[in-house]
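Only one structure is covered here, and it is reproduced in the block below.
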Amino acid sequence: MTSANSSSRSRYPAGSLAFPHRGLLGLAGLAPHEILFLLDEAEQWVELNRQPTKRVDHLRGLTIINAFYENSTRTLLSFEIAGKRLGADVVNMSVGQSSVKKGETLIDTAMTLNAMRADAIVIRHASSGAVRLIAEKVDCPVLNAGDGQHEHPTQGLLDALTIKRAKGEFVGLKVVICGDILHSRVARSNILALTALGADVRVCAPPALMPADIERMRVTPYHDFDAALKDADVVMMLRLQNERMTGQFIPSPREYRHLYGLSVDRLARAAGDAIVMHPGPMNRGVEIDSNVADLPGRSLITTQVEMGVAMRMACLEVLTRKARKLEGWQ
Ligand code: CP
């Protein structure tokens, strides 16, 4: 296994910071080489996670707090596993049993976590911008685990890592992202990562679920899924984000499936070796048929989950280097 320090030192001049950011609030504003740096860093953790013993002590003595104000299976568990595999003490704040329920504000909660001298805080929140607000109030790195409709940066990174390992490179790769683009922080972070890395990104949604100014994100919008799928190398399906919808955005789940669901027949319009992705949670039989979600060799949905642990290990390891006085930090 390559050590975290030697791999980054070999790629960057002595004294430079390969990832000069205090936290990870989003992928907007990251340079392509910074995204590639994080993807490269994750490779060693993919290898470690495939060993019988999956633990190192890089983060020994550090405390990581996960504060999830919204439900999560994959992101919360993978951040917890990632921190523990790196040797940190990981604490999950139980928001439902916390003083948030007694009216404590987000900022007071942040200042409380800060006073406990957390070394990294991972936050999921229903409001776009809430994570940035907390990051401004605390002394340690903050990692955005999904904030409202804004960003889900580690999801964008783990998806990019999955694509890189399956397809080798990004330049010219035809990636279709289909579903509720309007409400999806996953779509936003993926668009930012994949366009930065040179992919040809097509987004597909019913008119009501497509942001009006989406072309500004350097993607091609489609309402016709069959047309979007033509020769695609990667097909990424998103669920309808019902929890963020106010009012009726689609006529019915049945009609949505007819027009925008990924079936085996529809997948045949993509390239013969196209991969299928979904960030989860899936609604089988709505945006994706079960036999596509489970298609051997083509569906990488469980690989995405595996990459999620490695990617979050990379982010935690890189962002705590300053606290550990590594990587050129003064
Ligand atoms: N993809 C994702 O964010 O899943 P969870 O909501 O289960 O964390």
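As the structure lists them, so they are numbered: ligands from 1, and atoms in each ligand from 1. Every heavy atom of this structure was used, including side-chain atoms; hydrogens, water molecules and symmetry mates were not.
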Path from Met236 to Val219 over hydrophobic side-chain contacts below 4.5 Å
yes
Residues Arg132, Glu151: salt bridge by 4.0 Å N-O rule
no
Charged N-O contact under 4.0 Å between Arg117 and Asp139:
no
Lys54 atom NZ, over 12 foreign heavy atoms within 6.0 Å:
yes
Using atom types as modelled and distance alone, determine if a side-chain donor or acceptor of Arg188 lies under 3.5 Å from a backbone N or O of His150.
yes
Do any N or O atoms from the side chain of Asn144 and from the backbone of Leu24 form a donor-acceptor pair under 3.5 angstrom?
no
Would you mind listing each N/O atom of ligand 1 next to any protein N/O under 3.5 Å, plus the distance?
residue  : atom  : partner : partner atom : Å
ligand 1 : 1 (N) : Gln155  : OE1          : 3.0
ligand 1 : 1 (N) : Pro279  : O            : 2.9
ligand 1 : 1 (N) : Gly280  : O            : 3.2
ligand 1 : 3 (O) : Thr75   : OG1          : 3.0
ligand 1 : 3 (O) : Arg124  : NH2          : 2.9
ligand 1 : 3 (O) : His152  : NE2          : 2.9
ligand 1 : 4 (O) : Arg74   : NE           : 3.1
ligand 1 : 6 (O) : Arg124  : NH1          : 2.9
ligand 1 : 7 (O) : Thr73   : N            : 2.8
ligand 1 : 7 (O) : Arg74   : N            : 3.0
ligand 1 : 7 (O) : Arg74   : NE           : 3.1
ligand 1 : 7 (O) : Arg74   : NH2          : 3.0
ligand 1 : 8 (O) : Ser72   : OG           : 2.6
ligand 1 : 8 (O) : Thr75   : N            : 2.9
ligand 1 : 8 (O) : Thr75   : OG1          : 2.6
ligand 1 : 8 (O) : Arg124  : NH1          : 3.4
ligand 1 : 8 (O) : Arg124  : NH2          : 3.3

